[in-house]
Amino acid sequence: DKNGINSSVLLNMATALKHRGPDNINIKIVNNAGLGHARLSIIDLSESANQPMSNEDDSIWLVYNGEYYTFKEYRDELINKGHKFKSNTDSEVILHLYEEYGMDFISRLRGMFAIAILDLKIDKLILLRDRVGIKPLYYYYDAGKFLFASEIKSILQYPGINRDMDFESLQTYFTLGYIPGENSVYDKIKKLPPAHVLTYTGKNLEINRYWSLPRVVISKDEISAMEELESLLLESVKMRLISDVPLGVLLSGGLDSSLVTSMMAHLSNRPIKTFSISFNEDGFNEISYARSIARHIHS
């Protein structure tokens with residue numbers, strides 16, 4: 001905000017997201033920018049991994065929601081290039097990747113994420129959303145104010161913003177059950193689309209796509225295709241098992257969750273934990289399928 005940041009308002013915005021991150025809430029105000037973070041601790045449970053997080057000279061700041069699966073290999077590379085780390089978290093690797101490679105750091109990210117980077121050296125805020133939009137990211141831009149958050153309810157904590165509704169989007173919600181594209185139920189609050197990066201300098205706001213699904217057709221025989229699919233799925237599940245806290249699986253008994261769960265059990269050296277929900281109505285209840293899978297893999 002060009003008129004300055006109120007720390008109480010910033011704290012309210014962060015606290016509104018406590019259900020997303022119950023382990024720690026922090027805020028940081030630098031010049032006319034404020035960053036807040038509600039943390040769910042997964043990798044490196046220490047206080048040194050809390051956010052907002054900065055580089056060595058406090059010239060670059062980060063808040064981030066998500067998980068960066070291949071961070072360890074890049075952490076070693078960055079240490080060899082002279083970067084100093086104060087934590088073992090994936091968040092700090094993202095921060096130093098940007099410091100080392102600038103906007104080219106995006107090509108080195110493999111994971112699910114909503115990222116905000118405040119670069120004080122060039123007075124720029126950078127927002128980034130993962131390639132398929134797993135993690136949400138909303139923003140508001142009006143009259144010298146730029147606000148962003150993982151959920152709309154956080155932005156609504158800011159006093160004096162325009163709360164006019166977008167009735168066309170509201171109608172779409174009641175028709176489809178969701179609002180597609182960049183719109184939200186509020187006229188001035190937008191979603192950053194998947195695979196897009198937003199840059200804001202206080203004067204200019206620019207949004208660009210950084211990735212598209214490659215249009216490639218690969219011809220293989222059925223056996224080779226099955227083997228490659230299995231290999232890719234195993235690699236994908238294995239990457240998501242990196243954690244300093246216990247992991248579990250939501251097992252519905254359908255094909256997708258049963259496949260992922262079975263692969264997790266195959267990769268684990270101990271029985272995994274599976275969780276399911278049953279219903280009294282037979283038309284909705286799939287607990288028998290989930291129970292069959294759980295018994296088969298001894299979860």
Side-chain angles (χ1 to χ4, degrees), residues 64-77 90 93-94 97-98 100-115 117 126-138 169 172-173 175-184 190-199 206-243 247 249-268 272 274 286 289-290 292-293 296-297:
Y64 149 72
N65 167 224
E67 195 164 354
Y68 175 27
Y69 302 126
T70 53
F71 74 98
K72 288 185 177 179
E73 60 190 74
Y74 285 106
R75 189 178 193 274
D76 294 338
E77 175 186 312
D90 55 333
V93 177
I94 294 173
L97 273 178
Y98 170 77
E100 180 68 30
Y101 296 108
M103 294 305 292
D104 288 340
F105 87 109
I106 297 173
S107 64
R108 294 166 171 84
L109 297 179
R110 188 175 181 186
M112 54 175 180
F113 47 80
I115 297 170
I117 293 174
I126 299 158
L127 299 186
L128 185 70
R129 193 169 173 210
D130 64 62
R131 290 167 181 80
V132 292
I134 298 172
K135 291 299 181 182
L137 187 51
Y138 293 86
S169 291
T172 303
Y173 176 78
T175 304
L176 301 177
Y178 73 103
I179 299 173
E182 65 176 8
N183 294 327
S184 80
K190 305 294 182 184
K191 289 179 290 205
L192 183 64
H196 279 69
V197 59
L198 180 153
T199 56
E206 189 175 313
I207 299 175
N208 294 295
R209 176 181 280 274
Y210 67 83
W211 179 85
S212 296
L213 188 67
R215 297 184 179 274
V216 177
V217 178
I218 301 172
S219 297
K220 287 177 180 275
D221 63 86
E222 186 176 4
I223 299 299
S224 298
M226 287 169 60
E227 289 174 350
E228 184 170 352
L229 176 59
E230 183 178 25
S231 174
L232 289 168
L233 285 169
L234 278 168
E235 181 197 22
S236 184
V237 172
K238 185 176 182 179
M239 283 193 305
R240 285 157 176 80
L241 300 182
I242 301 170
S243 176
L247 294 171
V249 190
L250 297 174
L251 175 60
S252 70
L255 286 174
D256 297 349
S257 72
S258 298
L259 186 60
V260 168
T261 302
S262 298
M263 290 188 163
M264 183 175 172
H266 172 73
L267 291 164
S268 177
I272 65 169
T274 51
E286 298 179 321
Y289 303 112
S292 295
I293 296 296
H296 178 67
I297 63 171

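All values below come from the heavy atoms of this structure, side chains included, with hydrogens, waters and symmetry mates left out.
Within the 3.5 Å criterion, the main-chain N or O of Y68 finds a donor-acceptor partner in the side chain of D90. For R129 (side chain) and L192 (main-chain N/O), a donor-acceptor pair under 3.5 Å exists by modelled atom type.
What you find for L251 and S257 is that their closest heavy atoms are CD1-OG, 3.7 Å. R75 approaches V93 most closely through the heavy-atom pair CB-CG2, 3.8 Å. When all heavy atoms of S169 and S184 are compared, the pair lying nearest together is CB-O, 3.3 Å. Between I293 and S262, the closest heavy-atom pair is CG2-OG, 4.4 Å.
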Practice item. Test M239 against R110 for side chain to side chain contact (heavy atoms under 4.5 Å, CB included), laying out the working first. Key: CA-CA 10 Å; M239 283 193 305; R110 188 175 181 186; 3.5 Å; yes
Point to revise | Audit row: N183, K191, side chain to side chain donor-acceptor pair (under 3.5 Å) steps and yes/no | key: CA-CA 6 Å; N183 294 327; K191 289 179 290 205; over 6 Å; no
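At most 12 non-hydrogen atoms from other residues, nucleotides or ligands lie less than 6.0 angstrom from CE of M226. The number of heavy atoms from other shown groups lying within 6.0 Å of CG (L232) is above 12. For CD of E222, the number of neighbouring non-hydrogen atoms (other residues, nucleotides, ligands) closer than 6.0 Å is 12 at most. Shown here is N208, whose CG atom has more than 12 heavy atoms of other residues, nucleotides or ligands within 6.0 Å. Under a cut-off of 6.0 angstrom, the local environment of OH in Y69 is crowded, with over 12 non-hydrogen atoms contributed by other residues, nucleotides or ligands. By the 6.0 Å contact criterion, CG on L233 is enclosed, its count of non-hydrogen atoms from other residues, nucleotides or ligands being greater than 12.
Taking the six-membered ring where tryptophan is involved, the planes of Y98 and F105 are perpendicular, since the angle between them exceeds 60° and thus also 30°.
To the nearest 0.5 Å, the span separating CD on E77 from CG on L97 amounts to 7.5 Å. Atoms CG and NZ, from L128 and K135 in turn, are 14.5 Å apart once rounded to the nearest 0.5 Å. Atoms CD1 and OG1, from I297 and T274 in turn, are 6.0 Å apart once rounded to the nearest 0.5 Å. Here the straight-line distance linking atom NZ of K190 with atom CG of L198 works out to 13.0 Å at 0.5 Å rounding. K238 NZ to M263 CE: the interatomic distance, rounded to the nearest 0.5 Å, is 13.0 Å. Atom OG of S224 and atom CD of E228 lie 8.5 Å apart (nearest 0.5 Å).
In this model, no donor atom of one side chain and acceptor atom of the other lie less than 3.5 Å apart for S107 and D104.
Checked options Y64, F113, Y74; the residue passing with I94 is Y64 (criterion: side chain to side chain contact (heavy atoms under 4.5 Å, CB included)).
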